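Quick notes on the structure that follows.
One-based numbering, in listed order, for ligands and for the atoms of each. From a predicted model like this one, the values you see are computed outputs, not experimental measurements.
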Amino acid sequence: MDLTTAYVFDAAHRIVGHPGKCAWLHGHTYHLELTVSAPSLNPLGMVMDFDDLRDVVKKAVLDLWDHATLLAAHDPLGPAIRAVQHQAPDRVVLFEGQPTAEVLTREAWTRLERQLPAGITLERVAIRETPSCGSAISRPPR
Ligand SMILES: [Zn+2]
């Protein structure tokens, strides 16, 4: 059985080298949705407790990315913003690729899968930048 939950976080990013408006630093209210599954329900009739899942998502993703600036590792804005926001260097998060919805989704998948409790399987992660644009990864059918 599946369990689906949704979360919201705010972050700034830019796609360095993009030929259009995505090259300029801007923000999104990102929507993160995930689905997990378990082969059977626990004694309380749950795949897992919503609060426990929220704790995992908070630790794996939200605490890192909410109110952060998400940049490519080679973006010169990274060191510049860290210098200005020197009290909170962790609020600049660097990615090996560009901080697109696709790369964020892939990174969220890796982080979430690593931190889910035993017996819980990650089935789907989706991140939307806007109500109409986003990315998703699903576990291939077994
Ligand atoms: Zn954007």
Exercise for the section: Output yes when Glu113 and Arg139 qualify as a salt bridge under the 4.0 Å nitrogen-oxygen rule, no when they do not. Expected result: yes
Problem - Lys/Arg-Asp/Glu bridge criterion (N-O < 4.0 Å) met for Glu33, Arg128 - result: no
Practice task
For the residue pair Thr5 and Arg54, establish whether any side-chain heavy-atom pair is separated by less than 4.5 Å.
Solution key: no
Exercise for the section: Step through it carefully: locate the ring centre of Tyr7, locate the ring centre of Trp65, and say whether they are under 6.0 Å apart. Expected result: no
Exercise for the section: For residues Leu53 and Ile120, determine if any side-chain heavy atom of one lies less than 4.5 Å from a side-chain heavy atom of the other. Expected result: no
Handout entry: Between Thr35 and Asp2, a side-chain donor and acceptor under 3.5 Å
Key = no
Completion exercise
Within a strict 2.8 Å cut-off of the Zn ion (ligand 1), protein N/O/S atoms tallied 3
